[in-house]
Amino acid sequence: MASSSHNQPRFSYKITILLLVFTSLQLSSSTPSKSCLTPSSSKVIIAGNSTILSENRTFVLGFFNTSEESKWYLGIWYASIPTPTYVWVANRETPLSSRDASSLEIDGGKLTVKDNRDSRCDVVWESADGDFEGEGDVKLQEDGDLVLMDARGVVRWRSFDFPADTFLPGMNLTVGQTLTCWKSSNDPAPGKYSLRLRPPDYGEVELLADNNRMYWSSGNWTGNIFSGVPEMTLPYIYKFYFTNPFTETATFGYTETMTQQKPLTRFNIDSSGKIKQYTWSPQTEFWNMFWSEPENPCRVYGLCGDLGFCNAKSMVNPCKCFDGFQPLDGVGWGAGDFSAGCRRVGDDACSNDDKFEEIGDMTFDPEKIEALSGSRSDCERKCLSNCSCMALSYNPKTNSCKNYFGKLLNLGNSSSDLGIIQDSLNIRVHKGVIRKKIGVKTIILITTITSFLAIASIAIIILIILRKKMIKRKKLEEESVFPVTNLKVFTYKELHAATNGFSEQLGHGGFGAVFSGKVDSTLVAVKRLERPGGGEKEFRAEVCTIGNIQHVNLVRLIGFCSEESHRLLVYDYMPNGPLSSYLKNNGRTLDWEARFRIAIGTARGIAYLHEECRNCIIHCDIKPENILLDKDFSAKVSDFGLAKLIGRDFSRVLATMRGTWGYVAPEWISGVAITTKADVYSYGMTLLEILGGRRNVEGPPPEGGGGGESGSNEKWFFPPWAARRITEGDVAAVVDERLAGEYDVEEVERVGLVAVWCIQDEEATRPTMGMVVKMLEGVVEVAVPPPPKLLQALVSGESFRGVGGNSQNDTISRASDDESLSGMR
Ligand SMILES: *[C@@H]1O[C@H](CO)[C@@H](O)[C@H](O)[C@H]1NC(C)=O
Ligand SMILES: *[C@@H]1O[C@H](CO)[C@@H](O)[C@H](O)[C@H]1NC(C)=O
Ligand SMILES: *[C@@H]1O[C@H](CO)[C@@H](O)[C@H](O)[C@H]1NC(C)=O
Ligand SMILES: *[C@@H]1O[C@H](CO)[C@@H](O)[C@H](O)[C@H]1NC(C)=O
Ligand SMILES: *[C@@H]1O[C@H](CO)[C@@H](O)[C@H](O)[C@H]1NC(C)=O
Ligand SMILES: *[C@@H]1O[C@H](CO)[C@@H](O)[C@H](O)[C@H]1NC(C)=O
Ligand SMILES: *[C@@H]1O[C@H](CO)[C@@H](O)[C@H](O)[C@H]1NC(C)=O
């Protein structure tokens, strides 16, 4: 008896030890499935931090996280580039909390993602049933397709059939499949926007909000492109196919035509509802976006959510909340998911003494409208009595109003935005919001003013001492850095004063805003760089390089400022502004003599950058906006050297691709190294504009400009038409009508031929800038070039046709274009 009572505790002690050993074994085990009670058929493919690479290391499969929060996903991304870019995600809605305890397994003919913490073996995601017995295997193919094969090697399931937000070469879009955007930039859960073949015909693709509202479509398949996407013919590195269009078995996809050195390329539906196409540029280590729809972010249905205001012109963030409102989901808002919209500041949803704030003429879509007649105060009272009444429009002429209930979506400020109703809008705001704010502020001010004064005076004394020391040190530094250039170093304060507090904006380019100012009573232009990349040292080194470049046809850099986060460049002021301002239909114009001089001057400036300064500089952004005119109307090229200065951010140059399509050489798209010939191409496009006295891509007509119903997104692409005329010997058809025949025929012919030489598809066929100068000067004879094929391909597209304002009896008629466009929109 006694012995047994002694045995008992010893026995349980042993069990405890065993358990301990067992659990610690589990913890250190690298294949967690062993400890789980899974069927023996399960096979672990990857676990924890292990990954699978495709054969040639293009793609990798593994677990990843996108934020500091412990959320892990199984996904596929590019193995060969430094920017994490996920092309497929398995457990989009069910993140794992730890990578170490996660695994991908083949289990019962399916792929499963398991959470093995505490031996739970929870299946957080599984693929569709592959319907086979036995082990099977997976393979990550070179094109990014993850395939599940049975024991005999037959493919039973593939990730390409279950796309996430990315459309890769080799992938097929078929009836019933959709691509769905991420909820926000760091949340792969399915978001609001998706892409699919458009039912019931399946002859085009469409973008949808909430799986039911179409807000963009491609237009019908014409046999080789979609009618609304003429650019599809341009990128010669892809081939698009659409087998069995207009049937239930329709299959759309694309392949790369290159077999060697394929650039990485992808289409992506982003969380702001746009479809974008990117190509990886190894040179800049950046994804170059070169196509995107819809162009206007405010045409994406419900982008800014309830009560969110959409501004297409804002470059950083299109959505904002009105005063007295704040984002409902601040975190999502910061990550680019605006769909939750705005809510009132404060706790109450509504109150009887709310007031109405006029926010002006708006376009919007209310959930429900109630029309009333009566005085303004009647309408207001009626609205105040119901908490779901959010806004009203009052018409004093008819003494009536409309009250709006529920959600107020697609609030915008322009007729090209999505909203259906356009009216002067008064939104309901908290009466106390503004007053309370002031009240609180006043109290704080009064109570803190005395203590603040005391602290401030001490701080100021310390600051003054520190500043004096710093200025001394800085001056020493600067002198040692700039022994050769005569660049002036400005303080931010000096420039702030010189530009009158940055009050007079001259323009806004790809790199930042430009302001006019005065330094020592001479006029200057001050460029404030946005989001400058690189450090202080790199900035100074680059500025030094730019400062050393001097040529009569280049804008002179006078000085700069680099203080904390401020980076500013100070240039000579050009009184006659950019060339672009002379290319408007109804604006000032230039005579031929001036145009010819500008053409040669610009060519000389660029040639100098390419050939004569110590380090060859590729401008990367030649266009009429960057050719400035001094008081004698001599051309001065501006913004040179900035592409390098801004570093990786110079993809911004391409960000508004459709707008500047006319200037960008085709090799930008293919991701190959950019040479000086890219500038030659852009210069050629600019020459056509000088010749025609117009823009290559004419935007939609000015708002409310009587455009009527003929589709507000129409665009005319001038270069293919012009190039054909010129190569056929009919340059007169291309020349600006406003010159009324007052030009030197020989010069015009030369300029036309040179322009077409510059825009040849192949870099090697384009002349160098030095040669361009000689050709224009008439020193060398100019032969007739072949018409550029890529541009001609555009002309054969359905709607993006080149029609000059001076089209004479050209076969292409504006009316037929209007039809095809308005039918599509
Ligand atoms: C993967 O994890 C193991 C331990 O869990 C660690 O020893 C190893 O260094 C990790 N490998 C990588 C590439 O992080
Ligand atoms: C991987 O690269 C080699 C050599 O370039 C090539 O022969 C092979 O076909 C490539 N494999 C795949 C799957 O693309
Ligand atoms: C992923 O998680 C690790 C910690 O487990 C963290 O150090 C890392 O910063 C996270 N990655 C991102 C992109 O936030
Ligand atoms: C995509 O469709 C084409 C043509 O229908 C077909 O040849 C190809 O095998 C399909 N690819 C995939 C991954 O299903
Ligand atoms: C408020 O207005 C909405 C929409 O007209 C209506 O459905 C709801 O019943 C109203 N609520 C009250 C309390 O009157
Ligand atoms: C709407 O546009 C007008 C002029 O374009 C501008 O004055 C006004 O401030 C804009 N409203 C908002 C809310 O941005
Ligand atoms: C596209 O084709 C379908 C079916 O042929 C037709 O009903 C529809 O009107 C076409 N859409 C356009 C924009 O031409």
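No hydrogens, no waters, no symmetry mates; every other heavy atom, side chains included, goes into these values. Just follow the structure's listing: the first ligand is 1, and inside any ligand the first atom is 1.
Taking every heavy atom of Trp72 and a limit of under 4.0 angstrom, the matching atoms of ligand 3 come to 2 (O), 5 (O). Atoms of ligand 7 found under 4.0 Å from any heavy atom of Phe246 (numbered from 1 in listed order, with element): 2 (O).
Taking 4.5 Å as the limit, some side-chain heavy atom of Leu264 sits within range of a side-chain heavy atom of Ser80.
Distance check on atom 7 (O) of ligand 2: every protein heavy atom falls at or beyond the 4.0 Å cut-off. In this structure, atom 2 (O) of ligand 2 has protein heavy atoms in its sub-4.0 angstrom surroundings. Under the 4.0 angstrom criterion, atom 14 (O) of ligand 2 counts as having a protein heavy-atom contact.
Geometrically, Arg99 does not engage Phe63 in a cation-pi contact, judged by NZ or CZ lying under 6.0 Å from the ring centre and within 45° of the ring axis. A cation-pi contact, defined as under 6.0 Å to the ring centre and within 45° of the axis, is absent between Arg92 and Trp125.
For atom 11 (N) of ligand 3, the nearest protein heavy atom (residue, atom name, distance) is Asn65 ND2, 3.0 Å. Nearest protein heavy-atom contact of atom 9 (O) of ligand 3 is Glu68 OE2, 3.1 Å. Of the protein's heavy atoms, Asn56 ND2, 2.4 Å lies nearest to atom 10 (C) of ligand 2.
The number of heavy atoms from other shown groups lying within 6.0 Å of NZ (Lys276) is above 12.
Atom OG of Ser339 and atom NZ of Lys183 lie 5.0 Å apart (nearest 0.5 Å). Between Asn410 atom CG and Ile421 atom CD1 the span is 11.0 Å, to the nearest 0.5 Å.
Tyr202 and Phe252 have their aromatic ring centers separated by at least 6.0 angstrom.
By the 3.5 Å distance cut-off applied to N or O atoms, Glu142 is not counted among the residues near ligand 2. Of the polar atoms of Glu204, none of the N or O atoms is found under 3.5 Å from an N or O of ligand 7, judged by distance alone.
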